[in-house]
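For reference, the structure discussed in these notes is given below.
Note: hydrogens, waters and symmetry copies are ignored here, and every other heavy atom, side chains too, is used.
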Amino acid sequence: MTATVAEVMVATLKASGVRRVYGIPGDSLNGFTDALRRDGEITWQHVRHEEAAGFAAAAEAALTGELAVCAGSCGPGNLHLINGLFDANRSRVPVLAIAAHIPREEIGDGYFQETHPDRLFGECSVYCELVSVPEQLPRVLEMAMRAALARSGVAVVVVPGEVFLADAPAGSHPVAIRATSPVVRPDTESLAAAAQVLNHAGTVTILAGAGCAGAHDQLIALAEALKAPVVHAFRGKEWVEYDNPYDVGMTGLIGFSSGYRAMEHCDALVMLGTDFPYRSFIPDSVPVVQVDVRGEQIGKRIPVQVPLVGTVKDTVDALLPLLEPKADSAHLNRMTRHYRRARSQLDKLARDRASDSPLHPQYVAATIDRLAAEDAVFTVDVGTPCIWVARYVHMNGTRRLVGSFNHGSMANGLSQAIGAQATYPARQVIALVGDGGLAMLLGELLTLHQQQLPVKIVVFNNGALSFVELEMKAGGIPSFGTDLIDPDFAGIARAAGLSGARVEKASELDDALRAAFAHDGPALVDVRVARQELALPPKLTYGQIKGFTLYATRTILSGEGSELIELTKTNLRDLEAE
């Protein structure tokens with residue numbers, strides 16, 4: 001019997017190590033989903049919104065480095081994938097999206113659910129192609145999978161529904177396509193130029209990002225040779241901060257002072273595998289050596305004196321023999337002392353804020369960090385949960401951290417936890433979410449129950465879009481439109497088949513988290529945290545100071561002075577910690 005196009009697709013995915021496809025079925029996908037059913041070895045991970053399918057696939061790809069797959073039916077079905085796919089593409093993780101299309105003969109006449117996915121997905125993919133005839137499919141699928149893996153991004157294959165059911169081209173057979181680890185290093189002249197800059201610099205600081213994955217030993221060796229403090233970007237946290245005596249914390253909008261100072265007081269800066277977006281936090285008056293495997297990324301933020309195109313691991317291995325080890329560690333010692341002070345003050349802030357009601361989010365995050373498993377996978381919503389995870393959840397070389405760090409989308413935390421838990425069913429997965437982010441894709445609680453995924457969700461419930469409020473304050477604007485009238489999330493969780501608990505006092509937190517983490521199934525802990533937490537960045541600009549002043553004035557004039565007074569009382573120690 002002749003195989004169908006869909007059967008060849010499934011066989012190719014299976015041969016390439018794919019074990020799950022995230023999505024929602026639809027009639028235009030029937031040929032593909034039925035081929036999955038008949039094969040029986042690739043799981044259909046049924047979500048409640050295709051956006052969650054995109055996020056879940058992105059999380060799986062981020063954690064494994066292998067290709068992950070999601071699918072959507074024609075029109076609105078695959079259109080819903082787009083936000084999750086934007087996140088995957090900007091996070092540079094390999095995801096294949098199968099976008100079903102309307103019948104070929106109807107394209108262009110305004111048919112029911114007609115869109116043009118081959119155009120729509122162009123901006124969020126490294127490869128996007130429409131399969132017009134069955135003969136194209138095996139080759140297009142292979143090219144898409146190779147593109148996703150080689151370029152670390154999203155590849156989209158658009159398939160009209162009837163093509164799935166067509167006979168496969170003669171001679172079609174599955175091809176195994178897997179991730180590779182090529183050696184990529186700069187040319188000899190560029191390495192010599194970098195060594196010259198670094199050997200002549202009195203003080204050097206390293207800014208390290210997600211490109212340091214798999215290169216921890218090289219990072220430590222480089223820091224030792226240069227006597228350089230190491231600042232990490234948020235996406236670099238899981239690869240940089242552990243077992244690192246040179247680490248001085250984060251910089252950027254959610255970092256703290258020691259990271260910023262180490263960047264401010266250096267004669268040369270090395271950027272390792274990072275596309276750090278905030279130019280105002282990068283020194284612009286010192287020579288910069290930037291290492292990135294993507295040459296087009298180098299120099300995007302600030303002028304770079306020496307561009308080094310290569311992986312961090314291979315580049316540092318080639319650079320180290322050219323460096324003259326520095327003997328003077330004064331810069332390193334000064335910055336690590338600063339880090340220890342800042343770290344101690346932040347930890348003290350969390351301990352001191354173990355007050356009963358409302359709880360302070362610093363204390364909640366620190367408690368999660370203390371109780372979580374040594375190999376836990378954390379997913380984190382965009383917004384204030386990122387601040388508390390960045391400052392209070394510690395990486396150790398086995399823990400993992402996934403978020404929407406580049407795309408910055410709401411509602412990512414729960415959806416990414418679905419992908420993480422499906423990938424590692426025996427591993428503890430903890431989603432730290434905001435009340436706004438959780439509510440946006442609340443239906444995915446049903447996915448956890450239906451798929452029996454034992455994700456643990458901790459809701460930082462402050463009744464507001466609080467990071468948006470913080471941005472308003474910095475702009476001198478009184479909060480508006482950010483209030484959230486929230487339901488009982490714990491009650492909703494129980495109604496959806498999860499374990500649910502609500503915490504309003506510090507004395508209840510430990511027991512509630514321990515019970516949730518020990519529960520044999522999905523669990524949600526709804527924690528009522530203080531709304532008025534001002535988490536200041538390590539560098540305050542004149543515009544931000546002016547903005548906070550205007551905010552204070554306008555808030556008092558609008559009759560909300562009591563809120564401002566409470567905000568001031570609860571945040572004085574934040575200033576001390578910075």
Side-chain angles (χ1 to χ4, degrees), residues 2-13 18 21-38 44 46-47 49-54 57 67-89 95-148 151 153-172 175:
T2 304
T4 66
V5 164
E7 287 172 335
V8 172
M9 292 179 69
V10 170
T12 297
L13 294 177
V18 173
V21 177
Y22 303 89
I24 297 177
D27 63 342
S28 54
L29 266 178
N30 282 348
F32 179 69
T33 52
D34 189 56
L36 289 174
R37 177 191 64 80
R38 285 183 283 110
W44 178 255
H46 187 171
V47 297
H49 193 292
E50 288 93 349
E51 181 177 350
L67 188 73
V69 183
C70 58
S73 57
C74 67
N78 61 56
L79 189 59
H80 284 163
L81 292 170
I82 201 163
N83 193 49
L85 295 184
F86 258 99
D87 179 78
N89 206 49
V95 169
L96 172 69
I98 298 170
H101 203 359
I102 63 172
R104 286 171 293 177
E105 66 271 18
E106 303 292 352
I107 294 174
D109 68 1
Y111 190 73
F112 178 64
Q113 294 188 323
E114 181 173 6
T115 60
H116 291 87
D118 49 317
R119 303 177 197 171
L120 289 166
F121 290 109
E123 191 178 346
C124 65
S125 63
V126 297
Y127 181 95
C128 183
E129 195 56 68
L130 168 66
V131 175
S132 300
V133 294
E135 289 74 17
Q136 280 182 278
L137 198 287
R139 186 165 51 89
V140 167
L141 179 64
E142 291 171 27
M143 289 190 294
M145 294 168 69
R146 292 189 196 281
R151 298 179 61 186
V154 171
V156 182
V157 178
V158 182
V159 186
E162 74 275 17
V163 172
F164 288 121
L165 297 166
D167 289 344
S172 297
V175 177

Going by atom type alone, with no hydrogens or angles, which donor-acceptor pairs under 3.5 Å involve a side-chain atom of residues 113-121 and a protein atom two or more places apart or on another chain?
residue, atom, partner, partner atom, Å
Glu114, OE1, Gly110, N, 2.7
Glu114, OE1, Tyr111, N, 2.9
Glu114, OE2, Gly108, N, 2.5

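Heavy atoms only, all atoms of each residue included: Ala155 and Ala148 are closest at CB-CB, 3.9 Å. Across every non-hydrogen atom of Pro134 and Pro138, the tightest pair is O-CD, 3.7 Å. The minimum heavy-atom distance linking Ala57 with Ala68 is given by the pair O-CB, 3.2 Å. Of all heavy-atom pairs between Cys128 and Val158, the closest is SG-CG2, 4.4 Å. Taking both residues in full, the closest heavy atoms of Leu96 and Val157 are given as CD1-CG2, 3.9 Å, listed atom of the first, atom of the second, then distance. Residue Ser28 comes nearest to Ala100 through the heavy atom pair OG-CB, 3.4 Å, listed as atom of the first residue, atom of the second, then distance.
With values rounded to the nearest 0.5 angstrom, Phe32 atom CZ is found 12.5 Å from Ser73 atom OG. Taking CD1 of Ile107 as the start and SG of Cys74 as the end, the distance is 10.5 Å to the nearest 0.5 Å. One distance of note links CG of Asp87 with CD1 of Ile82; it measures 13.0 Å at 0.5 Å rounding.
By the side-chain contact (heavy atoms from CB on, under 4.5 Å) test, Glu50 pairs with Ile24, His80, Leu81, sequence neighbours left out. Asp27 meets the side-chain contact (heavy atoms from CB on, under 4.5 Å) test with Asn30; sequence neighbours excluded. Considering only residues two or more places apart in sequence or on other chains, Arg37 meets the salt bridge (Lys or Arg N to Asp or Glu O under 4.0 Å) condition with Asp34. Residues forming a ring pair (Phe, Tyr, Trp, His ring centres under 6.0 Å) with Tyr127 (at least two apart in sequence, or on another chain): none. For Asn83, the side-chain contact (heavy atoms from CB on, under 4.5 Å) criterion is met by Glu51, Phe55, His407, Ser409, not counting sequence neighbours. When the side-chain contact (heavy atoms from CB on, under 4.5 Å) test is applied to Gln136, the partners found at least two apart in sequence or on another chain are Val131, Ser132, Val133, Val140.
Two residues are said to be in side-chain contact when any heavy atoms from C-beta on lie closer than 4.5 Å; Glu7 and Arg38 meet this criterion. In this structure the side chain of Ile102 never reaches within 4.5 angstrom of the side chain of Pro160, judged on heavy atoms. For the pair Val126/Asn89, a side-chain contact is recorded, criterion being any heavy-atom separation below 4.5 Å from C-beta on.
Within the structure, no pair that satisfies the salt bridge (charged side-chain N to carboxylate O under 4.0 Å, His left out) test touches residues 133-147, not counting sequence neighbours.
At least one donor-acceptor pair closer than 3.5 Å links the side chain of Thr12 to the backbone N or O of Val8.
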query = Hey, mind stepping through Val95 and Cys70 against side chain to side chain contact (heavy atoms under 4.5 Å, CB included) and telling me if it holds?
reply = CA-CA 8 Å; Val95 169; Cys70 58; 4.2 Å; yes
message = side chain to side chain contact (heavy atoms under 4.5 Å, CB included) for Val154 and Cys124? Distances and angles first, verdict last.
response = CA-CA 7 Å; Val154 171; Cys124 65; 5.5 Å; no
Working for side chain to side chain contact (heavy atoms under 4.5 Å, CB included), residues Leu130 and His101 = CA-CA 9 Å; Leu130 168 66; His101 203 359; 3.8 Å; yes
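Heavy atoms of other residues, nucleotides or ligands lying less than 6.0 angstrom from CD of Glu106 number more than 12.
Under the side-chain contact (heavy atoms from CB on, under 4.5 Å) test applied with Phe164, the options Leu137, Thr4, Ile98, Thr33 reduce to a single match, Ile98.
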